[in-house]
Undergrad: 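Before I ask anything, here is the structure I am working with.
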2 protein chains.
Amino acid sequence: MAPRAGREPLSRERVLGAAVAIADTEGLKALTMRRLAADLDVEAMSLYYHLPAKEALLDGVVETVLAEAITAAGQTSEDDWRKRLRGQFLAARQVMLRHPWAPALLTSRRNIPPIVYPYYDGIVATMVGAGFSYRLAHRAVHSFGSMTLGFVQEIFSPADTDDTSDEDLAAMAEVVPNLTAMMTEEMHAAGDPTLGWCDSQVEFEFTLDLLLDGLDRLRP
Amino acid sequence: MAPRAGREPLSRERVLGAAVAIADTEGLKALTMRRLAADLDVEAMSLYYHLPAKEALLDGVVETVLAEAITAAGQTSEDDWRKRLRGQFLAARQVMLRHPWAPALLTSRRNIPPIVYPYYDGIVATMVGAGFSYRLAHRAVHSFGSMTLGFVQEIFSPADTDDTSDEDLAAMAEVVPNLTAMMTEEMHAAGDPTLGWCDSQVEFEFTLDLLLDGLDRLRP
DNA sequence: ACCTGAACACCGTTCAAGT
DNA sequence: ACCTGAACACCGTTCAAGT
């Protein structure tokens with residue numbers, strides 16, 4: 001049978017693009033070789049001509065989203081080291097928000113793609129240019145952790161409280177009195193009750209500023 | 001056939017213990033239902049009497065290591081809020097170092113086991129007892145991120161440099177001059193060259209102190 | 001109550017073969 | 001050079017059946 005009209009030849013880039021699209025719309029679990037091939041109108045085995053194995057596919061997917069985030073971060077043009085790093089990390093964060101599955105995948109990989117090295121090089125350059133020692137810049141990069149790439153792993157993400165009844169609150173107050181008090185106070189203080197009581201954008205920026213402030217004070 | 005002498009009856013706890021042991025010794029990928037059953041001297045299907053599905057197994061495994069870390073953190077007896085939190089997080093870290101696969105699994109799970117709520121309640125209690133507002137305690141908990149449970153996701157973990165030749169260094173200096181300069185300077189400064197140039201214990205404590213210092217300054 | 005055997009659907013991957 | 005078909009080993013899981 002002749003190839004369908006309008007069907008473009010496969011390539012590593014096209015495969016990776018389709019893989020990211022599947023993860024974005026249906027999650028990482030939906031990304032199987034067979035499903036990916038079907039989306040590309042091809043048999044599963046054809047993928048192996050462009051990628052040696054699924055591990056290589058996942059490496060490529062990580063590389064793709066990191067390249068996107070790092071490119072976004074690179075748009076930032078600020079001279080002040082704090083504003084510059086802040087802008088970079090927040091720009092990367094906007095990209096990561098579109099790929100909510102990426103942080104978990106990223107942190108489960110052993111090998112980090114080479115694109116991140118020039119990116120980190122730039123961060124170090126910015127800090128050293130602002131008077132930091134290499135030693136302190138090194139520490140800083142580790143302290144920023146995954147913020148440099150626009151995300152933090154949220155462990156403590158308490159449930160939404162819109163549907164929390166008074167009886168539930170009373171039961172909670174028995175077991176976790178301080179969390180309950182914290183929650184109710186935050187809910188009252190919040191102007192818009194539909195927002196919930198955790199705002200990850202605000203929390204990201206708070207933590208980032210906490211680190212930047214602390215580092216600034218350590219600067220020689 | 002009669003059950004083998006000395007074979008204890010299965011239980012959820014025994015299954016979870018064996019699962020953690022497999023992950024510890026051979027990694028998370030080796031943890032399959034069939035392999036787990038074999039280690040317990042049982043057929044794979046027997047596991048389903050004690051756990052409804054593999055997802056439940058993974059939830060249980062997460063619960064098990066978190067309980068271990070939180071228990072270790074609970075041993076800390078310090079009155080000063082900073083020393084107390086510091087001791088807790090570092091104690092949890094000692095546990096996590098024994099389960100290097102745990103952070104990646106943990107961050108990939110949707111539902112966090114209930115044990116963490118009392119733990120976070122204690123952290124908030126410590127901070128509010130030291131004069132922090134609930135609002136600030138809330139922010140702090142998010143800033144600590146996964147440090148509360150003793151780990152940070154290392155994205156930037158540059159390769160070991162013991163086997164880096166002079167030619168390699170020259171090539172690196174072209175592409176990532178600042179990283180190369182940082183690395184060579186750190187290597188020279190290090191007393192013990194076998195240590196490499198990243199020390200995750202030192203980095204963990206540096207970041208932790210950076211956050212604690214910053215929070216202390218925000219305290220009313 | 002607790003465990004098993006056989007079977008099913010699905011996955012990543014091989015290999016030789018097609019065009 | 002690029003893609004395919006058939007087959008294999010392995011996985012999680014079901015269901016009816018054993019003791």
Side-chain angles (χ1 to χ4, degrees), chain A residues 1-23 25-64 101 104-105 108-111, chain B residues 1-23 25-64 101 104-105 108-111:
Chain A
M1 201 167 104
R4 288 218 336 243
R7 178 167 127 178
E8 323 212 340
L10 231 48
S11 70
R12 194 182 113 100
E13 287 66 40
R14 225 161 70 79
V15 171
L16 295 181
V20 169
I22 290 176
T25 54
E26 300 182 42
L28 206 57
K29 267 193 60 178
L31 178 57
T32 71
M33 299 299 273
R34 282 167 158 96
R35 165 65 199 277
L36 177 56
D39 274 23
L40 289 162
D41 244 321
V42 110
E43 295 303 314
M45 298 318 120
S46 308
L47 301 174
Y48 286 84
Y49 188 82
H50 302 275
L51 289 162
K54 185 166 189 191
E55 285 293 289
L57 172 70
L58 295 179
D59 283 339
V61 164
V62 165
E63 189 190 327
T64 303
W101 46 270
L105 176 64
S108 75
R109 305 263 86 204
R110 173 167 281 117
N111 292 338
Chain B
M1 199 167 104
R4 288 219 337 243
R7 179 166 125 179
E8 324 214 337
L10 231 49
S11 69
R12 195 182 112 98
E13 286 67 39
R14 225 160 70 80
V15 171
L16 294 181
V20 170
I22 290 176
T25 54
E26 300 182 42
L28 206 58
K29 267 194 61 179
L31 177 57
T32 71
M33 299 299 272
R34 283 168 157 96
R35 164 65 197 276
L36 177 55
D39 274 23
L40 290 163
D41 244 323
V42 112
E43 296 302 314
M45 299 316 121
S46 308
L47 300 174
Y48 286 83
Y49 187 83
H50 302 275
L51 289 162
K54 186 165 188 190
E55 286 292 289
L57 172 70
L58 294 179
D59 283 339
V61 164
V62 165
E63 190 189 327
T64 303
W101 45 270
L105 175 63
S108 74
R109 305 263 87 203
R110 173 167 281 114
N111 292 338

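Within every chain, numbering begins at 1; the chains are lettered A, B, ... in the order of the sequence lines, protein sequences first and strands thereafter. Heavy-atom basis, side chains included; hydrogens, waters and symmetry copies ignored.
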Undergrad: Check whether any side-chain heavy atom of B:V61 lies under 4.5 Å from a side-chain heavy atom of B:W101, and answer yes or no.
TA: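 Yes, their side chains come closer than 4.5 Å.
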Undergrad: With the side chain of A:T32 defined as its heavy atoms from C-beta on, choose the nearest nucleotide among D:dC3, C:dG12, D:dC11.
TA: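 Looking only at heavy atoms from C-beta outward on A:T32, the closest nucleotide is C:dG12.
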Undergrad: Rounded off to whole Å, could you give me the CD-to-P distance for the A:E43 and C:dT14 pair?
TA: 18 Å
Undergrad: Of all the nucleotides listed (C:dC3, C:dG12, D:dT4), which has the minimum atom distance to the side chain of A:Y48?
TA: C:dG12
Undergrad: Can you check the B:L31 CG to D:dC10 C1' distance for me, whole Å?
TA: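 So the CG-C1' distance, B:L31 to D:dC10, works out to 15 Å.
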Undergrad: Nearest-Å distance, NZ (A:K29) to C1' (C:dC11)?
TA: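 Roughly 12 Å, once rounded to whole Å.
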Undergrad: Can you measure A:L57 atom CG to C:dC11 atom C1' for me and round it to whole angstrom units?
TA: 14 Å
Undergrad: Does C:dC3 have its OP1 or OP2 closer than 4.0 Å to a side-chain nitrogen or oxygen of B:H50?
TA: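 So the side-chain polar atoms of B:H50 do come within 4.0 Å of the phosphate oxygens OP1 or OP2 of C:dC3, strictly under.
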Undergrad: In the structure shown, which nucleotide is the Watson-Crick or G-U wobble counterpart of D:dA6, with both distances under 3.5 Å?
TA: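 Here D:dA6 is engaged in a pair, and the nucleotide opposite it is C:dT14.
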Undergrad: Without decimals, in angstroms, what is the distance between A:R12 CZ and D:dC2 P?
TA: 15 Å
Undergrad: Figure out the CG/C1' separation between B:L58 and D:dG12, and round it to whole Å.
TA: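 These atoms are roughly 12 Å apart.
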Undergrad: Whole angstrom is fine here: how far is it from CG in B:L51 over to P in D:dT14?
TA: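 Distance, rounded to whole Å: 13 Å.
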Undergrad: Is B:L51 close to B:V15 at the side-chain level, that is, under 4.5 Å between some pair of heavy atoms?
TA: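 The answer is yes; the side chains approach within 4.5 Å.
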Undergrad: How do A:R35 and A:P52 order along DNA chain C: which one's closest nucleotide is nearer the 5' end?
TA: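 The answer here is A:R35.
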Undergrad: With side chains defined as the heavy atoms from C-beta onward, is the minimum distance between B:N111 and B:V62 less than 4.5 Å?
TA: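 They are not in side-chain contact.
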Undergrad: Applying side-chain contact (heavy atoms from CB on, under 4.5 Å), run through B:E55 and B:R109 and close with a yes or a no.
TA: CA-CA 9 Å; B:E55 286 292 289; B:R109 305 263 87 203; 3.1 Å; yes
Undergrad: Can you tell me if the side-chain N/O atoms of B:S46 get under 4.0 Å from OP1 or OP2 in C:dC2?
TA: no
Undergrad: For DNA chain D, whose closest nucleotide is more 5', that of A:R34 or that of A:A44?
TA: A:A44
Undergrad: Does B:E26 reach the side chain of B:R35, with side-chain heavy atoms less than 4.5 Å apart?
TA: yes
Undergrad: For the side chain of B:M45, counting heavy atoms from C-beta on, which of D:dT14, C:dT13, C:dC3 is nearest?
TA: D:dT14
Undergrad: Round to the nearest Å and state the distance from B:M33 atom CE to C:dC3 atom P.
TA: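 In whole Å, C:dC3 P and B:M33 CE are 14 Å from each other.
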Undergrad: If you check the B:Y49 side chain, which of C:dC3, D:dT4, C:dT13 turns out closest?
TA: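 Comparing C:dC3, D:dT4, C:dT13 against the side chain of B:Y49, the answer is C:dC3.
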